[in-house]
There are 2 protein chains.
Amino acid sequence: MAWGGPGGAATGPLTLSLKHAILGVLEASPMTGYDLKRFFDGSAEWLWSAKHSQIYPLLASLEAEGLVSSEEGVRGEFQRRVVHSLTEAGRAELLSWVGSVHPQPGERDPFLLQAVFFDMVGDEEVRRVLTAYRDEQREAYEAARAHSLALAAGETPLIKERLRVRPEESGRMRSMKARAFAARAEVARVRWQWAEEYLADLTGDPTS
Amino acid sequence: MAWGGPGGAATGPLTLSLKHAILGVLEASPMTGYDLKRFFDGSAEWLWSAKHSQIYPLLASLEAEGLVSSEEGVRGEFQRRVVHSLTEAGRAELLSWVGSVHPQPGERDPFLLQAVFFDMVGDEEVRRVLTAYRDEQREAYEAARAHSLALAAGETPLIKERLRVRPEESGRMRSMKARAFAARAEVARVRWQWAEEYLADLTGDPTS
DNA sequence: TGTTACATGTAAGCAGTTACATGATTTT
DNA sequence: AAAATCATGTAACTGCTTACATGTAACA
């Protein structure tokens with residue numbers, strides 16, 4: 001394994017998702033911390049996101065680990081900006097993470113926790129909460145579906161950048177990236193339809 | 001609102017899921033911290049879970065808020081055990097939480113983050129990771145489905161306890177609790193089938 | 001007699017959010 | 001001239017996990 005970096009043992013089974021989210025985005029193109037933040041916020045809340053207050057310190061520690069390199073520059077005359085790029089070691093770490101099986105942390109859905117106690121309140125309240133949930137999931141479905149189609153068509157900024165660098169893998173890249181968002185869309189769709197059915201049964205069969 | 005408890009402002013939009021998970025379980029029956037821990041661990045990783053190191057301090061703060069009352073007792077001759085019950089204020093807080101709409105925190109699925117980078121590695125690695133995911137989701141589906149059916153039949157320990165206290169609501173309670181786990185099962189099912197389809201396309205159409 | 005289950009806590013650390021803090025550049 | 005955007009950080013706090021710490025009671 002050769003884990004000779006300074007700063008400790010790396011013993012526990014951490015998740016480290018943000019770390020790899022950043023490495024993965026930087027793989028497409030070098031960026032500043034601010035660019036990363038904007039990317040996470042755009043694309044209808046991407047697959048991972050973080051506040052800048054978490055991104056900047058993490059970028060510093062990734063540089064200390066040798067996974068990214070940082071180059072100071074300026075914007076205009078005086079404004080400092082630091083552009084971060086993936087190093088070879090960073091690329092290796094990313095590929096190793098993507099290619100291995102990781103244990104999934106058990107799902108924790110606050111809404112389902114709420115739903116399991118629905119019997120304690122009246123049908124009216126349940127209907128209100130379910131309606132809001134259904135609308136939310138329908139919107140999530142539409143956003144994920146739209147993004148999936150955009151990726152399949154190669155129409156997002158980041159995929160354009162990657163296609164510029166590696167045009168030979170176009171089809172595989174686009175379909176694989178699209179599939180990730182298709183999964184998210186399918187999940188939102190079943191949740192939306194579950195809520196719809198629930199609502200139909202409530203109104204059709206008042207208080208049972 | 002009358003938020004006069006000692007210890008601070010309660011300003012931010014927190015999630016507070018564990019708090020309400022505990023209140024909800026205590027609503028069915030008074031319990032010790034150890035009982036709560038076992039309940040969370042059982043039922044195939046319930047809808048929420050926590051380590052005892054989080055439960056005990058939280059129970060203390062819930063008591064300070066007046067939402068639960070605690071009674072010291074013994075097991076055998078010398079072993080201390082503290083039984084926690086829901087107070088009227090706790091029940092009111094729970095019902096208010098269950099009956100209102102709460103903003104869902106944006107989904108963060110580490111697996112989808114991994115999947116969006118699948119194009120960076122070879123088909124063989126993708127197949128390995130997808131296979132593990134498919135098996136995991138299939139098992140999650142089966143566990144949630146089984147639990148949903150058990151709830152519908154009124155066969156779980158906690159629902160038996162609740163039915164003993166409130167037999168008049170039997171049908172509504174069982175079907176609503178079953179529906180929550182049915183939602184979880186449906187989500188696991190679409191994930192499992194998504195992975196299955198992905199795998200089929202990979203083997204059928206090598207490297208595209 | 002040894003192992004498992006019961007039972008309750010504290011301490012240290014990681015991941016993430018909110019708030020604090022500052023300043024340059026571009027657009028309106 | 002004012003507002004929005006670009007840009008980078010630190011501090012404090014919440015939620016959760018891992019590790020530390022201790023002891024009783026039941027069971028094989």
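Just the heavy atoms: all of them, side chains too, but no hydrogens, waters or symmetry mates, feed the values below. A note on names: the letters A, B, ... follow the listed sequences, proteins ahead of strands, and every chain is numbered from 1.
Residue Ser53(B) is the one, among Gln79(A) and Ser53(B), whose nearest nucleotide of DNA chain C lies closer to the 5' end (criterion: closest heavy atom).
Distance, Phe39(A) CZ to dC6(D) P: 16 Å, rounded to whole Å. Distance, Leu36(A) CG to dG9(D) C1': 15 Å, rounded to whole Å. Distance CZ (Arg38(B)) to C1' (dA5(C)): 9 Å, rounded to an integer number of Å. Atom OH in Tyr34(B) sits roughly 16 Å away from atom P in dT24(D) (whole-Å rounding). Remark: C1' of dT10(D) and CG of Leu58(A) are 16 Å apart, rounded to the nearest angstrom. As a whole-Å value, the separation of Asp35(B) CG from dA5(C) C1' is 12 Å. Atom C1' of nucleotide dA7(D) and atom CD1 of Ile55(A) are separated by 12 Å, given to the nearest angstrom. Summarising the geometry, the separation between NZ on Lys19(A) and C1' on dG16(C) is reported as 17 Å, rounded to the nearest angstrom.
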Does the ring pair (Phe, Tyr, Trp, His ring centres under 6.0 Å) test come out yes or no for Phe39(B) and Trp46(B), once each step is laid out?
CA-CA 8 Å; Phe39(B) 178 79; Trp46(B) 198 57; 5.0 Å; yes
I would like to know whether Asp109(A) and Arg184(B) meet side-chain contact (heavy atoms from CB on, under 4.5 Å); could you show each step before the answer?
CA-CA 9 Å; Asp109(A) 186 334; Arg184(B) 166 173 271 200; 5.9 Å; no
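A salt bridge links Lys19(A) to Glu65(A): at least one charged side-chain nitrogen sits closer than 4.0 Å to a carboxylate oxygen. Glu107(A) has a carboxylate O that lies under 4.0 Å from a charged side-chain N of Arg191(B), or vice versa, which qualifies the two as a salt bridge. Checked for salt-bridge contact, Arg38(B) and Asp41(B) miss the test: no charged N lies under 4.0 Å from a carboxylate O. Remark: Arg80(A) does not engage Glu71(A) in a salt bridge, criterion side-chain N to carboxylate O under 4.0 Å. Between Glu186(B) and Arg145(B) there is no salt bridge, since no side-chain N of the basic residue sits under 4.0 Å from a carboxylate O of the acidic one. Using a 4.0 Å cut-off between charged nitrogen and carboxylate oxygen, Lys177(B) and Asp119(A) count as a salt-bridge pair.
When atom types are taken as modelled, the side chain of His102(B) and the backbone of Thr15(B) share no donor-acceptor pair closer than 3.5 angstrom. Side-chain atoms of Ser61(A) come within 3.5 Å of backbone atoms of Leu58(A) as a donor-acceptor pair (strictly under, hydrogens ignored).
Residues meeting the ring pair (Phe, Tyr, Trp, His ring centres under 6.0 Å) test with Tyr141(B), sequence neighbours left out: Trp192(B). Taking the ring pair (Phe, Tyr, Trp, His ring centres under 6.0 Å) definition, one finds that His84(A) meets it with nothing, sequence neighbours left out.
For CD of Glu197(A), the number of neighbouring non-hydrogen atoms (other residues, nucleotides, ligands) closer than 6.0 Å is 12 at most.
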Could you list the protein-to-nucleotides 13-16 of chain D atom pairs, N/O on both sides, closer than 3.5 Å?
from	atom 1	to	atom 2	distance (Å)
dC16(D)	OP2	Gln54(B)	NE2	2.8
dC16(D)	O5'	Gln54(B)	NE2	3.4
dC16(D)	O3'	Arg108(A)	NH1	3.4

Give me, pair by pair, the N or O atoms of the protein and of nucleotides 20-22 of chain D that are less than 3.5 Å apart, along with how far apart they are.
none

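Comparing the end axes of the helix from dT1(C)-dA28(D) to dT28(C)-dA1(D), each fitted to five base pairs by superposing C1' atoms of four pairs onto the next four, gives an inter-axis angle of 30° (nearest 10 degrees).
Under a cutoff of 6.0 Å and an axis angle of 45°, Arg179(B) and Phe118(A) do not form a cation-pi pair.
Between Arg81(B) and the phosphate of dA25(D), there is no side-chain N or O to OP1/OP2 separation shorter than 4.0 Å. Using a 4.0 Å cut-off, no side-chain N or O of Tyr56(A) falls inside it from OP1 or OP2 of dG9(D).
For Thr32(A) and dT8(D), a side-chain-to-base donor-acceptor distance below 3.5 Å is absent, hydrogens and geometry of angles not being considered.
Of the residues in residues 70-78 of chain B, those with a non-hydrogen atom less than 4.0 angstrom from any atom of DNA chain D are Arg75(B), Gly76(B), Glu77(B), Phe78(B).
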